[in-house]
Amino acid sequence: MSVVSLLGVNVLNNPAKFTDKYEFEITFECLEPLQKDLEWKLTYVGSAQSDHYDQELDSLLVGPIPVGINKFVFEADPPDTKRIPIDELLGVTVILLTCAYDGREFVRVGYYVNNEYESEELVNDPPAKPVFEKIRRNILAEKPRVTRFAIKWDSEASAPPEFPPDQPEADLVADEEEYGAEELAEEEDELVEEGAVNGGESAEKDARMDGVEGAEGEQGVEEDELSDEGSVDIEGESEDELLEEEDEMVEGEGGGEGDGMDVDEPEPAAGAVHKQGDAMVH
């Protein structure tokens, strides 16, 4: 069982301009005192063809962590446009919100992001030289892909039988209050019925979101997607269904705040540094 459970992530500014900061309100629960801080990172996937274009937008340490429910706001700068291939600037890409303890990633939340021009005229006839101030990003906040990893915490007793685990199916039961747990059982049944896998560029994006190509070859022990509409895990969709979903993003249907569990905690002040109880964001 994980010592730290992600309870919710709300995207605070969505949709927004491409050049605006990213803002996430993150809620998590800690079950035991921790000796070290949690490290949160936000990564922008600049290309589905190579991780060479990945950009770490920001990272921060949160600690010491008090036992109980904690909430803070994570802000990150927009990506450096010079490091993004010009032919992959517009359209659908992925951002990855991850958290690690003592250098070991234990949760990854992936979101699809659609970048397009604000005006219909520029959409139909995009300029040869991008006008970044007129590009709008839209995060598909209602459908995050959540992947959890079994790691060793402070005690040997918390270490998984094999580290990193080799069998993603070894523990597919999430805690009831964990982010995305309610949809997991339904999605597993739908995946069994469909039995389809997607390929090409979309498969590359899915692999990055699920952590298949994560650091040190780690593999997630739990993979699930949170959706109010009960949609299935993208990895089990057909290619046509995936293209339909990306078309919906282009039409601007991915706006709004991400789904998270409401908790009776004081609202955090805006900013990258926030104190919740004894937990400090560095």
Side-chain angles (χ1 to χ4, degrees), residues 6-28 40-46 54-60 71-81 84 88-99 107-120 122-123 130-147 179-180 183 205-206 208-209 224-231 234 242 244-263 267-272 274 281:
L6 181 63
L7 301 183
V9 179
N10 288 332
V11 184
L12 299 182
N13 58 337
N14 189 49
K17 291 185 176 181
F18 184 85
T19 54
D20 287 348
K21 287 187 174 182
Y22 289 84
E23 297 181 13
F24 299 90
E25 182 185 72
I26 300 172
T27 306
F28 65 93
W40 296 84
K41 292 182 181 181
L42 183 66
T43 302
Y44 183 90
V45 178
D54 287 5
Q55 297 185 44
E56 183 180 308
L57 302 184
D58 208 343
S59 65
L60 75 164
K71 180 188 293 186
F72 70 100
V73 172
F74 181 17
E75 291 186 356
D77 292 330
D80 182 357
T81 56
I84 303 175
E88 298 196 53
L89 176 64
L90 300 176
V92 179
T93 187
V94 166
I95 56 173
L96 303 171
L97 177 65
T98 63
C99 190
V107 66
R108 170 177 298 197
V109 184
Y111 295 96
Y112 281 126
V113 182
N114 184 50
N115 299 315
E116 63 178 359
Y117 281 109
E118 296 176 338
S119 67
E120 184 175 351
L122 290 176
V123 171
V131 183
F132 301 108
E133 296 77 11
K134 295 185 178 181
I135 297 177
R136 178 184 60 182
R137 71 163 184 256
N138 194 0
I139 302 173
L140 190 59
E142 293 87 352
K143 297 181 179 181
R145 177 75 67 80
V146 183
T147 307
Y179 191 45
E183 289 75 17
K205 295 175 183 176
D206 290 347
R208 300 300 306 282
M209 294 173 76
D224 51 85
E225 176 186 357
L226 181 64
S227 170
D228 291 335
E229 301 175 357
S231 62
I234 297 175
L242 182 59
E244 290 177 3
E245 180 176 307
E246 294 189 358
D247 288 340
E248 292 177 1
M249 291 187 61
V250 175
E251 295 173 2
E253 295 182 5
E257 293 186 349
D259 294 330
M261 180 172 292
D262 294 329
V263 294
E267 292 296 325
H274 178 71
V281 178

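What you are looking at is a predicted structure, and each value in this text was computed from that prediction instead of being measured. Numbers here are sequence positions counted from 1.
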Item to complete: Have a look at R108 and tell me which of T43, L97, L96 forms a side chain to side chain contact (heavy atoms under 4.5 Å, CB included) with it.
Response: L96

Looking at every non-hydrogen atom in both residues, tell me the closest pair between [X] and [Y] and how far apart they are.
| X | Y | result |
| --- | --- | --- |
| S59 | K41 | CB-CG, 3.6 Å |
| A141 | P144 | O-CD, 3.5 Å |
| Y111 | L140 | CD2-O, 3.7 Å |
| P79 | F18 | CG-CZ, 3.7 Å |
| Y117 | P130 | OH-CA, 3.3 Å |
| D20 | A16 | OD2-CB, 3.7 Å |

Side chains of [X] and [Y] in contact at under 4.5 Å (non-hydrogen atoms):
| X | Y | value |
| --- | --- | --- |
| N14 | N138 | yes |
| T93 | V113 | yes |
| I95 | F24 | yes |

Item to complete: For the residue pair F72 and F28, categorise the inter-ring angle as parallel (less than 30°), tilted (30 to 60°) or perpendicular (more than 60°).
Response: perpendicular

Practice prompt. Evaluate the criterion side-chain contact (heavy atoms from CB on, under 4.5 Å) for residue pair L42 and D58; output intermediate values, then yes/no.
Written response: CA-CA 6 Å; L42 183 66; D58 208 343; 5.5 Å; no

Which distance, rounded to the nearest 0.5 Å, do you find between the [atom1] of [X] and the [atom2] of [Y]?
| X | Y | atom1 | atom2 | answer |
| --- | --- | --- | --- | --- |
| I26 | W40 | CD1 | CH2 | 4.5 Å |
| I84 | Y44 | CD1 | OH | 4.0 Å |
| F132 | N115 | CZ | CG | 10.5 Å |

Worksheet entry | side-chain hydrogen bond (donor to acceptor under 3.5 Å, both in side chains) partner of E116, the single match among R136, K134, R137 | R136

Fill in: Residue pair L89, I135: steps toward the side-chain contact (heavy atoms from CB on, under 4.5 Å) verdict
CA-CA 10 Å; L89 176 64; I135 297 177; 3.9 Å; yes

Worksheet item: Given Y112 and V94, is the side-chain contact (heavy atoms from CB on, under 4.5 Å) satisfied, shown in steps?
Response: CA-CA 5 Å; Y112 281 126; V94 166; 3.8 Å; yes

Worksheet item: Does the N10 side chain pair with the main chain of E25, one donor and one acceptor, at a distance under 3.5 Å?
Response: no

Practice prompt. List for me each residue that meets side-chain contact (heavy atoms from CB on, under 4.5 Å) alongside D80, sequence neighbours excluded, and say none if there are none.
Written response: Q55, K82, R83

